[in-house]
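The sequence lines fix the lettering, A, B, ..., with proteins before strands; numbering per chain opens at 1.
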Amino acid sequence: MKENLEQDFIKLLDEHQNIIHKICRIYTDNLEEHNDLFQEISIQLWQAYKTFKGNSKFSTWAYRVGLNTAISLYRRSSKKVKTTSIDIGNYQFKYTEYSDEDELRLKKLYEAIRKLNDIDKAFIFLYLEDKDNNEISEALGISEGNARVRLSRIKVKLLNIINS
Amino acid sequence: MSELELLKNHWKNHDNFPKKQVKELQLIIKKKSLNILNWLIIINFIVIGILLLSSLLAEDTGIIIINSKVTSFLKVLDYVLFLLPLISTIVCIYIIRKIKTDNSVATLLKNIIDLKKTVRLLVISYFLVYLIILLIGLYASSFTIDNLIQTENITESKAYIVFAITCIIVGGIYYGILWGIYKLTYRRFLKRLYENYKSLKEITEN
């Protein structure tokens with residue numbers, strides 16, 4: 001029984017592992033931290049899966065557990081590796097098909113996201129993942145109106161960071 | 001293309017992460033969790049352990065029996081010292097069971113903060129009980145000092161000064177260690193969590 005549960009879970013985890021990678025991409029600065037957070041989210045998903053009732057899609061549920069782990073439970077490694085924006089760019093993003101100008105704009109955008117706090121990062125992450133205000137409000141536990149107002153403020157904040 | 005459209009476009013088209021193999025995933029979920037809840041529980045037990053140990057050691061110091069009422073009161077306090085960690089552990093287990101990672105971020109953060117508050121309440125209760133025991137102890141020790149002055153031929157003022165300095169040093173070291181463990185570890189573990197909680201609260205209040 002337990003083995004079946006584990007097999008089912010591993011199959012789902014394998015199919016949806018990109019969700020975890022993307023959360024790690026927005027919350028970590030280097031590969032070591034990325035792998036640490038990936039591990040922690042996977043463990044939390046597995047522990048919560050034992051009581052997962054399937055009321056929502058696995059992916060929706062995984063977004064929630066993943067963000068919760070990144071925001072509330074995960075502690076960054078104390079031996080933090082010093083990185084520069086170039087390191088971050090190299091390990092996470094590729095810009096091959098973009099013009100030099102767009103590459104620079106994108107690098108500035110990702111740098112600006114790094115400067116946001118954990119909660120604002122969650123908003124931007126859910127926005128980039130095409131989640132609507134209702135889904136954002138449910139994931140974060142705030143009202144839909146608050147989610148809408150906050151998201152538009154964060155977008156402005158992001159653009160201000162880039163232009164400053 | 002606007003900045004945000006460019007970002008969204010790039011985000012969607014660049015998700016070719018190095019895929020983890022099934023065997024790797026199986027190993028990952030069997031690893032130990034690094035999460036702060038585990039650390040909160042460990043710190044809780046360290047604090048309780050130190051307090052219990054020191055209360056056991058304090059029993060051997062042999063406070064002079066002043067009168068039967070004070071002695072019975074001290075006995076009650078002793079029981080309280082042993083009951084507090086038990087109650088705290090039960091409450092902590094209850095709160096930890098409530099902490100579910102598939103709740104909303106706001107609920108999860110609130111539950112973790114509640115857990116921390118419970119531990120803080122235990123530590124404050126312990127300090128209060130200790131303070132009462134210490135005060136009774138100091139009062140009882142004044143009888144010891146009187147005996148010392150008579151038997152060892154030490155001046156009264158000298159005996160009291162030595163006694164007061166010893167109390168301050170020993171008490172200071174003891175409370176200092178506990179303060180260090182409690183404050184520094186919690187600050188270290190929960191700083192980021194508090195910031196996130198504050199940030200989320202600001203959103204709902206605005």
Side-chain angles (χ1 to χ4, degrees), chain A residues 6 9-11 13-14 17-18 21-22 25 36 38-40 42-48 51-52 61 64-65 67-69 71-77 93-95 98 102 105-106 109-110 113 117-120 122 127-130 138-143 146-147 149-150 155 158-159 162, chain B residues 1-4 6-39 99-113 188-190 192-193 195-206:
Chain A
E6 193 179 313
F9 173 73
I10 292 290
K11 194 169 168 274
L13 186 64
D14 186 33
Q17 59 171 288
N18 258 13
H21 278 300
K22 283 193 267 187
R25 174 155 86 176
D36 275 354
F38 187 97
Q39 179 183 310
E40 190 56 47
S42 304
I43 295 171
Q44 292 304 324
L45 281 168
W46 170 229
Q47 283 172 0
T51 53
F52 175 56
W61 177 79
R64 184 176 281 212
V65 176
L67 278 177
N68 267 332
T69 309
I71 293 172
S72 318
L73 299 176
Y74 176 66
R75 232 189 111 243
R76 277 196 186 108
S77 155
F93 309 113
K94 289 182 177 64
Y95 308 96
Y98 287 85
D102 282 350
R105 284 165 74 199
L106 282 165
L109 280 159
Y110 284 115
I113 291 175
N117 66 36
D118 287 345
I119 301 292
D120 289 353
Y127 162 76
L128 292 173
E129 288 293 295
D130 269 337
E138 274 184 21
L140 299 177
I142 55 172
S143 74
N146 278 331
V149 173
R150 187 66 182 184
K155 285 180 191 168
L158 210 57
L159 297 176
I162 298 161
Chain B
M1 203 188 292
S2 79
E3 305 295 310
L4 289 169
L6 178 73
L7 178 68
K8 213 167 184 175
N9 175 286
H10 183 266
W11 179 267
K12 279 184 183 168
N13 296 319
H14 287 80
D15 57 358
N16 299 321
F17 297 96
K19 196 171 155 56
K20 297 213 187 276
Q21 300 305 311
V22 169
K23 276 195 176 171
E24 217 176 328
L25 293 174
Q26 279 170 333
L27 286 175
I28 282 175
I29 63 162
K30 287 190 173 66
K31 283 187 180 171
K32 277 186 183 164
S33 168
L34 306 162
N35 95 59
I36 59 163
L37 273 186
N38 297 341
W39 286 106
I99 295 174
K100 300 227 187 299
T101 43
D102 46 6
N103 279 334
S104 69
V105 175
T107 313
L108 183 68
L109 283 171
K110 194 190 168 295
N111 287 340
I112 298 173
I113 304 247
R188 192 173 143 82
F189 281 97
L190 295 178
R192 192 164 151 238
L193 196 115
E195 281 168 6
N196 290 337
Y197 184 64
K198 226 170 79 185
S199 174
L200 205 61
K201 237 181 160 186
E202 271 170 21
I203 297 172
T204 49
E205 280 164 6
N206 283 340

Residue pair A:Ile43 / B:Lys32, side-chain heavy-atom distance below 4.5 Å: no
Under a 4.5 Å heavy-atom cutoff, which of A:Asn117, A:Asp120, A:Ile119 has the most pairs with chain B? A:Ile119
Select one option (side chain, backbone, both, neither) describing which atoms of A:Gln17 are under 4.5 Å from chain B's heavy atoms. side chain
Shorter than 4.5 Å, heavy atoms on both sides: which option in B:Lys19, B:Glu195, B:Lys20, B:Lys30 has the most such pairs with chain A? B:Lys20
With a 4.5 angstrom heavy-atom cut-off, could you sort out which part of B:Ser33 is near chain A: side chain, backbone, both or neither? both
For chain A, which of B:Thr107, B:Leu200, B:Asn196 has the most heavy-atom pairs under 4.5 Å? B:Asn196
Heavy-atom pairs under 4.5 Å with chain B are the metric here; pick the option from A:Gly141, A:Ala48, A:Ser72, A:Ser42 that has the most. A:Ser72
So which residue, A:Leu140, A:Leu13, A:Val149, A:Leu67, ends up with the most heavy-atom pairs under 4.5 Å with chain B? A:Leu140
Which answer fits A:Asp14, side chain, backbone, both or neither, if we ask what part of it has an atom under 4.5 Å from a heavy atom of chain B? both
What part of B:Ile28 gets closer than 4.5 Å to chain A, counting heavy atoms only: side chain, backbone, both or neither? both
Axial cation check for A:Tyr127 ring with B:Lys8, 6.0 Å and 45° limits: yes
So, the part of A:Glu40 with a heavy atom under 4.5 Å from chain B: the answer is side chain
Name all residues meeting the side chain to side chain donor-acceptor pair (under 3.5 Å) criterion together with B:Asn13; count only those two or more places apart in sequence or in a different chain, and write none if there are none. B:Asn9
Nearest 0.5 Å please: distance from the NZ atom of B:Lys12 over to the NZ atom of A:Lys22. 9.5 Å
When you compare the side chain of A:Ile113 with that of A:Leu158, does any pair of heavy atoms fall below 4.5 Å? yes
Side chain from CB out, backbone as N, CA, C, O: work out which of these in A:Ser143 comes under 4.5 Å of a heavy atom of chain B, or both, or neither. neither
Is a side-chain donor-acceptor pair under 3.5 Å present for A:Trp46 with A:Glu6? no
Please confirm whether the backbone N or O of B:Asn103 pairs with a side-chain atom of A:Asn68, one donor and one acceptor, at under 3.5 Å? yes
Assess the residue pair B:Leu4 and A:Lys155 against the criterion (side chain to side chain contact (heavy atoms under 4.5 Å, CB included)); give the C-alpha distance rounded to whole Å, side-chain angles, the decisive distance to 0.1 Å, and a yes or no. CA-CA 8 Å; B:Leu4 289 169; A:Lys155 285 180 191 168; 3.6 Å; yes
In terms of heavy-atom proximity below 4.5 Å to chain B, should A:Leu45 be classed as side chain, backbone, both, or neither? neither
Best-contacting candidate, B:Leu108, B:Val22, B:Ile99, against chain A by heavy atom pairs under 4.5 angstrom: B:Leu108
Top of A:Ile162, A:Ile142, A:Thr51, A:Asp130 for chain B proximity - count of heavy-atom pairs under 4.5 angstrom: A:Asp130
Main-chain N/O of A:Val65 paired to A:Thr69 side chain as donor or acceptor, under 3.5 Å: yes
